[in-house]
Amino acid sequence: MKTNRAGILALHVITWALLIVVAAPVLVVLAGAFVNPSLLGVSSERWAAEAGQSVFAQSWFGYVFALYGSSMRFSLLLALLSVAVCIVVSVPAAYAIVRSDSRAGRVLEEITLLPLSIPGIAMSIGLIQAYTIVRGEWWLILCGHVLYTIPLMMRVVTNALRSFDLERLQTAAQSLGASKWQQFALVVIPNLRHSIIVGSLLVFAISWGEFNVSFLLNTPLNQTYPAALYATYTANSFAVSSAATTIFLAVIIPVVARGAMARRTRVRAHPAGSLKKKATDEHG
Amino acid sequence: MSFSGIIVGFLAVIMLGRIGAVPQLLERVTGTDYTAGWAYRLGGLVLAYLYFEIPRATLTLEAALRKFDPHLSMAAQSLGAGLWQRLRLLVLPLIWRPLVSSFAVTFTVSLGSFGVALILSKRFSVLPLEIFEQITGFGNQGLMAAMSIALVLLAFVINYSVRAIGGGERALA
């Protein structure tokens, strides 16, 4: 029992150390965005003189919003559109693949999952070389984002479709007189609602932070926010970069947290939870 | 975590850069700014990649461990297995497949990521960064395409051979 306790203590120590290592840089960024840089000892003399002796520096958020506001809006729009396209494409596609349950379906599924193992930079070079004529158009960036995120959405939705007895539910609906379309809209979609939410949050977070694909397809007019962040890192002071990063984090952390919460409450939030449970119970 | 590479690079710079938070703290405590500029060395790059990859691997493995039945551990304990024996003979075989697939995924992501290296690498380069240089600087289309194909092939071969050897399944990246 004694060694056991020591082992568990060691595991706790490792977990906490990891947590501190992960959280510390984020806290420094927050400090950099809000606190007078001269107190942190990271500013040049000129800024220190401007900021005076107050603890809170002049806010750089206004500066970041004025300079990079357009790329912020563009990135948000891009992320929302990626989510929309992913939902519209992957839900029917995943349904078709799972329902058909054929060899061709599995091959197709494997192909849709391919972009997961292609490095982002190779994919964006492929896009640039294949579509040289439309390079610089904003929707080519959207295509890159969708290409990058759709395997994740497909994966979440196909997993969900396989987790309950789809065929039995549909047969039941059919016996009650539901048409194919009604079965899809009133039985399949409500059962998938939770996974669609989880997948959407994932797609949104990845699209909002995506740098590999969008940086190479960027134009000065259509700049994504991570590309703007890169610009602040290379050209601006620590305080401005921190403010820009803080804005980035302020968007992504709630999304990621919501996603983690949704994963945890999977069963409870399921609208047809009881039905699903019953179906699987009888099945297995 | 879905931080992109450049953000991890920036975090590495502010923590371990030439006037990063850790060296400054050490300077105040001990008087020497040990670890200053580490972010730009190989060790710093590795640390930044770890920061990038550990959360991914943790998520995959967490999902696997959640399915783990605690009764198995109790049964092993009742048979007299110690902590290490249980870890080695029970837990490890059970999470072997997710372990292999998370290895494959983190490997591929590290191989292809260039945001971290874009910010951090000053003295040495990685393949994705070379490709990036070709696009922005020299514009040698053929070389650029060839390097991308090499990168993709490398990712595929290693990914699939690891899965073939280890028997892992495809995991969520």
Side-chain angles (χ1 to χ4, degrees), chain A residues 3-4 6-8 18 21-22 24-29 31-32 40-42 110 113-114 116-126 128-129 151-152 155-156 159 202 205-206 208-212 215-216 226-227 229-230 232-234 238 241-242 245 248-249 252-253 255-256 259-260 263, chain B residues 1-15 19-22 24 27-28 47 50-51 54-55 58-59 63 77 82-84 87 104-105 108-109 111-115 118-119 127-129 131-132 135-136 141 144-145 147-149 151-152 154-156 159-160 170-173:
Chain A
T3 52
N4 198 346
I8 286 177
L18 205 61
V21 169
V22 168
V26 176
L27 294 178
V28 174
V29 166
L40 297 172
V42 288
E110 197 67 15
L113 294 178
L114 263 187
L116 277 186
S117 25
I118 298 179
I121 189 163
M123 191 149 79
S124 45
I125 284 182
I128 288 172
Q129 298 221 313
L152 299 169
R155 181 141 184 113
V156 171
N159 276 350
L202 196 65
I206 288 173
W208 168 248
E210 215 291 318
F211 180 72
N212 288 4
F215 190 53
L216 297 173
L229 279 180
Y230 179 65
T232 67
Y233 296 161
T234 47
F238 170 64
S241 313
S242 296
T245 311
F248 177 88
L249 294 177
I252 202 154
I253 287 179
V255 173
V256 172
R263 271 200 299 276
Chain B
M1 254 191 226
S2 33
F3 287 6
S4 58
I6 47 162
I7 291 162
V8 176
F10 173 66
L11 294 180
V13 169
I14 63 165
M15 290 312 279
I19 48 164
V22 173
Q24 292 227 334
E27 191 173 11
R28 275 191 205 161
L47 267 182
L50 281 180
Y51 188 87
I54 284 179
T58 311
L59 273 185
Q77 206 167 9
L83 184 69
W84 291 115
L87 204 63
V105 167
T108 321
V109 174
L111 193 71
S113 134
F114 82 115
L118 187 63
I119 303 274
L127 185 58
L129 203 59
I131 300 174
F132 176 73
I135 300 173
T136 51
Q141 299 262 325
M144 171 175 109
M147 286 199 292
S148 316
I149 289 173
L151 190 65
V152 171
L154 205 61
F156 267 40
N159 222 321
Y160 280 95
R170 217 169 238 284
L172 209 69

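Any value given below was found using the heavy atoms of this structure, including those in side chains, with hydrogens, waters and symmetry copies removed.
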**Fill in**
Shortest non-hydrogen pair, L18(A) vs I54(B), comes out as CD2-CG2, 3.8 Å
**Asked** Which distance, rounded to the nearest 0.5 Å, do you find between the CD1 of I125(A) and the CG of L151(B)?
**Response** 9.0 Å
**Prompt:** Can you find a pair of side-chain heavy atoms, one from F10(B) and one from S242(A), that are under 4.5 Å apart?
**Reply:** yes
**Request:** Quick one: which of A145(B), A104(B), S148(B) has the most heavy-atom pairs under 4.5 Å with chain A, could you say?
**Result:** S148(B)
**Request:** Give, as side chain, backbone, both or neither, the part of L154(B) having an atom under 4.5 angstrom from any heavy atom of chain A.
**Result:** neither
**Asked** Is it the backbone or the side chain of Y230(A) that comes under 4.5 Å from a heavy atom of chain B, or both, or neither?
**Response** both
